[in-house]
Structures are given as C-alpha cells and as structure tokens.
Amino acid sequence: MTPIAYGSMLLLSIPAMLWLGLPGMLITWGATELVQLVYLLQLNRRLFGREAELNYRLVGILMLFLVVGTVACIWPVFHIAAMSLLKQALIASAVTLISLALSYWIFGVDEVRTLLWQRLRPARIAVGDAPQ
C-alpha cells in the first residue's frame with residue numbers, strides 16, 4: 001500500500017508544484033501522510049477491535065504538532081538555499097532536537113523508555129555480576 005500511496009503522491013505533486021510551487025509538494029505530502037494514517041487506524045481497529053482501543057486524542061495532538069511544526073519551518077524552507085551548509089545543519093539539528101524533546105514530553109514516551117530500561121537492566125546487572 002505504501003508504494004501506491006507515495007507513487008500517487010509523486011504524480012499528484014507535479015501539478016501541485018506547477019500550481020503552488022514548493023507548498024504544493026508539502027500539501028500533497030501532508031495529505032498523503034494523513035490518508036495513510038487514517039487507513040492505518042482503520043486497519044488497526046479492524047484487526048484489534050475493542051481489545052486495543054486507541055486514544056484518538058493523541059492522533060489529534062499529532063496532527064496539531066505537525067501543523068505547528070510545518071508553519072514554524074516555512075521561513076527556513078524558503079530561505080535555506082541561500083544559507084551556508086553549517087547554518088543549514090544547525091537549523092536542521094535544532095528542529096530535530098526541539099521536535100524530539102516536545103514529542104517526548106507531549107506523547108508520554110517516558111513510559112516506553114521506562115519499559116525498555118526495565119527490560120535491559122537485568123541483562124546489564126547479570127553481565128556485571130559475572131565472576132572475574
């Protein structure tokens with residue numbers, strides 16, 4: 001399904017870019033991602049039913065997060081070609097770090113980190129307790 005979605009996105013992005021320029025590509029890409037997300041949620045609901053009920057509030061927050069992030073990055077997108085590579089790398093790194101930090105806080109990724117840490121911790125203790 002993903003190759004079909006992205007193939008369609010590429011075909012639709014050509015007229016969108018001719019009409020709107022770079023924002024046309026971004027709009028087409030965002031719409032493609034949204035359609036895939038809705039399809040994935042539908043498949044998840046069909047597969048798990050009521051056993052694994054998703055919190056759609058988080059999906060809404062994700063959409064809001066993506067819209068805010070896109071709006072915040074519009075100026076750099078249109079001006080980045082005139083910037084030095086170092087400045088481009090710094091902007092990309094800053095956006096990535098800010099996105100990671102906000103995602104960690106907004107989406108409660110701490111639960112995943114705690115679960116992984118609990119699973120890895122006994123293995124580390126067992127290796128450390130080995131006789132020398």
- Item | Within residues 69-98 or reaching into it, pairs that qualify as ring pair (Phe, Tyr, Trp, His ring centres under 6.0 Å) - sequence neighbours excluded | Trp75-His79
- Task: Examine Leu97 and Leu102 and state if one hydrophobic cluster contains both, with Ile, Leu, Val, Met, Phe, Trp and Tyr joined whenever side-chain heavy atoms are less than 4.5 Å apart.
- Result: no
- Flag the pair Ile91 / Met83 as yes when at least one side-chain heavy-atom distance between them is below 4.5 Å, and no otherwise. yes
- Would you indicate whether the side-chain heavy atoms of Ser103 and Phe65 approach each other to under 4.5 Å? yes
- Determine whether Tyr39 and Gln42 make a side-chain contact, defined as any pair of heavy atoms from C-beta on separated by less than 4.5 Å. yes
- Task: Decide yes or no for Val68 and Leu64: does some side-chain heavy atom of the first lie under 4.5 Å from some side-chain heavy atom of the second?
- Result: yes
- Measure the CD1-OG1 distance between Ile27 and Thr70 for me, rounded to the nearest 0.5 Å. 10.5 Å
- Side-chain donor or acceptor of Gln36 paired with backbone N/O of Ala5 under 3.5 Å: no
- Value rounded to 0.5 Å, distance of CG in Leu40 from CZ in Arg45: 11.0 Å
- Does Leu20 share a hydrophobic cluster with Ile74, counting links as ILVMFWY side-chain heavy atoms below 4.5 Å and allowing steps through other members? no
- Message: So which atom in Leu10 and which in Ser13 form the shortest heavy-atom distance, rounded to 0.1 Å?
- Response: O-OG, 2.8 Å
- Shared ILVMFWY cluster between Ile106 and Val59, side chains joined below 4.5 angstrom? yes
- Would you check, one step at a time, whether the test side chain to side chain contact (heavy atoms under 4.5 Å, CB included) holds for Met63 with Leu37? CA-CA 10 Å; Met63 290 298 124; Leu37 177 64; 3.0 Å; yes
- Task: Grab the two heavy atoms, one from Thr28 and one from Met9, that are nearest each other, plus how far apart they are.
- Result: CG2-O, 3.6 Å
- Query: Is any side-chain heavy atom of Ser8 less than 4.5 Å from a side-chain heavy atom of Thr32?
  - Reply: no
- Message: Please find the pair of heavy atoms, one from Pro15 and one from Leu12, that lie closest to each other, and give the distance.
- Response: CD-O, 3.3 Å
- Pairwise side-chain contact, Leu62 with Leu66, heavy-atom cut-off 4.5 Å (strictly under): yes
- Give, for atom OG1 of Thr96 and atom CG of Leu100, the distance between the pair rounded to the nearest 0.5 Å. 6.5 Å
